[in-house]
Amino acid sequence: MNIWPLTADSPSAVGGVPLTEIAERFGTPAYVIDEEHVRHRCRDYRKALHPHRVAYAGKAFLCRAMVRWVHEEGLDLDVCSGGELALARSVGFPPERILLHGNGKTPEDLAAAFDYGVGRIVVDSVGEVARVAALAGGRRHPQKVLVRVTPAVDPQVHRAMATGVEDQKFGLSLASGAAADAVRRVLGQPSLTLAGLHCHIGSQIREPDGYATAARRLVAFMAELGGLPELDLGGGHAVAYRPDEHGLDVQTFADRVLGAVAEECAAWGIPEPELTVEPGRAIVAAAGVTLYRVLAVKQGVRTFVVVDGGMSDNPRPALYGSRYTVARVGRRTGAAELPMTVVGRHCEAGDVIAADVPLPADVRAGDLLAVPCTGAYHHAMASNYNQVARPPVIAVRGGRAWPLVRRETSEDLIRRDVG
Ligand SMILES: Cc1ncc(COP(=O)(O)O)c(C=O)c1O
């Protein structure tokens with residue numbers, strides 16, 4: 001499966017701009033993001049799910065340009081903090097099309113949500129109902145809420161990515177009655193409207209079966225409540241990080257899940273709810289490429305290729321054992337490929353970007369490397385470990401490259417240190 005952005009011309013150029021040129025102009029490491037790819041994926045989702053709703057999950061990657069792009073493509077937006085909401089607000093994303101998530105919403109998150117007037121708040125604990133209701137009390141219209149339900153579906157993914165099983169921190173259990181308790185409490189609050197139910201069963205899910213099962217369980221619960229207008233099935237659609245992998249095809253997902261919802265609603269005799277899905281990774285992952293410069297090549301038990309970034313700009317291998325491919329760009333020598341391990345510059349032996357990947361035998365310091373499929377949960381998860389400043393985000397489109405987020409500097413980091 002293709003793991004490069006849609007506009008990539010082999011790995012050497014994206015959006016009509018040579019990657020070597022981007023590295024020269026903006027330095028390395030750098031995240032490159034293909035605007036056309038993002039827009040294309042938004043359209044794929046809207047088309048496959050029409051007339052239902054698609055909300056981009058901002059946690060995957062968010063900056064002001066990204067908010068604008070998803071707005072222009074007609075998607076809703078899912079945010080999970082006051083910070084993400086502030087970004088959306090700064091470019092005027094319509095509040096009624098925003099959902100606020102979070103298993104632990106701070107008072108500031110909720111205050112920001114009410115201040116901007118977000119369309120839906122997804123309740124994730126029983127105690128949150130009264131807090132949200134109290135804030136909604138002073139308003140003219142009731143606040144729409146969704147109750148996040150744990151449907152006990154195991155999507156067979158990494159443990160840290162399974163969020164629909166009983167033994168994890170998100171949602172309210174259907175089986176234990178916590179979801180029913182939260183629903184009762186919402187219905188008992190005049191300042192709230194129960195718009196519907198929500199679930200998010202995990203991440204990197206390759207097959208639609210788990211979604212269909214979760215949808216059926218939530219529809220059955222809705223039927224007990226006499227039907228509800230909305231059903232939000234979360235995100236988690238897999239993408240291919242390497243050519244031998246496959247992602248979740250959105251049309252297959254839509255056919256299967258819309259079919260399951262229709263069937264189940266007919267069986268229970270309730271009207272079909274309006275669906276929302278919340279893809280993050282599937283919209284933006286393959287739009288991104290990270291550029292690194294090789295700092296050193298070390299021969300030992302294996303060959304280590306040391307680059308000028310690492311776990312501070314990509315923590316996913318250390319967190320989930322994620323695997324990537326790496327390509328050298330800009331210098332073609334015809335050298336045979338050998339297995340090498342691309343590692344970062346941080347003070348951790350686990351600071352590995354890609355283990356045992358084929359690279360030309362003559363790779364050397366100064367070479368430029370590109371890692372595809374790094375648009376989601378890379379910039380968003382970046383840290384300043386070792387006081388390393390975070391890379392810029394560079395957009396490309398139609399032969400033009402421009403910065404969306406500038407490179408962080410040591411001065412930026414020192415400015416925060418007020419002691
Ligand atoms: C509630 C919710 N919706 C959507 C998403 C997006 O998931 P993905 O980027 O895997 O599609 C997440 C990810 O954690 C989530 O927690």
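Indexing begins at 1, ligand by ligand and atom by atom, following the structure's order. Position 1 is the first residue of the sequence; numbering continues from there.
Using a 4.0 Å cut-off between charged nitrogen and carboxylate oxygen, Glu84 and Lys59 do not count as a salt-bridge pair. With respect to the salt-bridge test (charged N to carboxylate O, under 4.0 angstrom), the residues Glu36 and Arg39 do not qualify. Of the charged side-chain nitrogens involved, at least one lies within less than 4.0 Å of a carboxylate oxygen, so that Glu274 and Arg53 count as a salt-bridged pair.
Nearest to atom 15 (C) of ligand 1 among the protein's heavy atoms is Lys59 NZ, 3.2 Å.
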Contacts table for residues 222-238: side-chain donor-acceptor under 3.5 angstrom, sequence neighbours left out:
unit_1 : atom_1 : unit_2 : atom_2 : d
Glu230 : OE1    : Arg120 : NE     : 2.6
Glu230 : OE2    : Arg120 : NE     : 3.2
Glu230 : OE2    : Arg120 : NH2    : 2.9
Asp232 : OD1    : Gly234 : N      : 2.9
His237 : ND1    : Tyr45  : OH     : 2.8

Criterion side chain to side chain donor-acceptor pair (under 3.5 Å) on His52 and Thr276, from CA distance to verdict: CA-CA 6 Å; His52 297 282; Thr276 297; over 6 Å; no
Pair Gln143-Arg139, side chain to side chain donor-acceptor pair (under 3.5 Å): steps then yes or no: CA-CA 8 Å; Gln143 172 67 48; Arg139 294 178 3 133; 3.2 Å; yes
Verdict with reasoning, Asp313 to Tyr292, per side chain to side chain donor-acceptor pair (under 3.5 Å): CA-CA 11 Å; Asp313 60 74; Tyr292 299 106; 2.4 Å; yes
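Within the structure, every pair that satisfies the salt bridge (Lys or Arg N to Asp or Glu O under 4.0 Å) test and touches residues 369-398, not counting sequence neighbours, is listed here: Glu35-Arg397, Arg390-Glu408.
Interface of Asp78 with ligand 1, defined as ligand atoms under 4.0 Å from a residue heavy atom, comprises 3 (N), 4 (C). Atoms of ligand 1 found under 4.0 Å from any heavy atom of Arg148 (numbered from 1 in listed order, with element): 1 (C).
Every heavy atom of Gln204 sits 4.0 Å or more from the atoms of ligand 1. Put simply, part of Pro279 is less than 4.0 Å from ligand 1, judged by heavy atoms. Residue-ligand proximity: Tyr377 is placed with a non-hydrogen atom under 4.0 Å from ligand 1.
The heavy atom nearest to atom 7 (O) of ligand 1, out of those in Gly58, Ala57, Gly236, is found in Gly236. Looking at Glu278, His198, His200, it is His200 that brings a heavy atom closest to atom 12 (C) of ligand 1.
Counting heavy atoms closer than 4.0 Å to ligand 1, residue Val122 contributes nothing at all. Contacts of Arg281 with ligand 1, taken as heavy-atom pairs under 4.0 Å, involve both backbone and side chain.
Residue contacts with ligand 1: Gly280 is placed with a nitrogen or oxygen under 3.5 Å of a nitrogen or oxygen of the ligand (distance criterion only).
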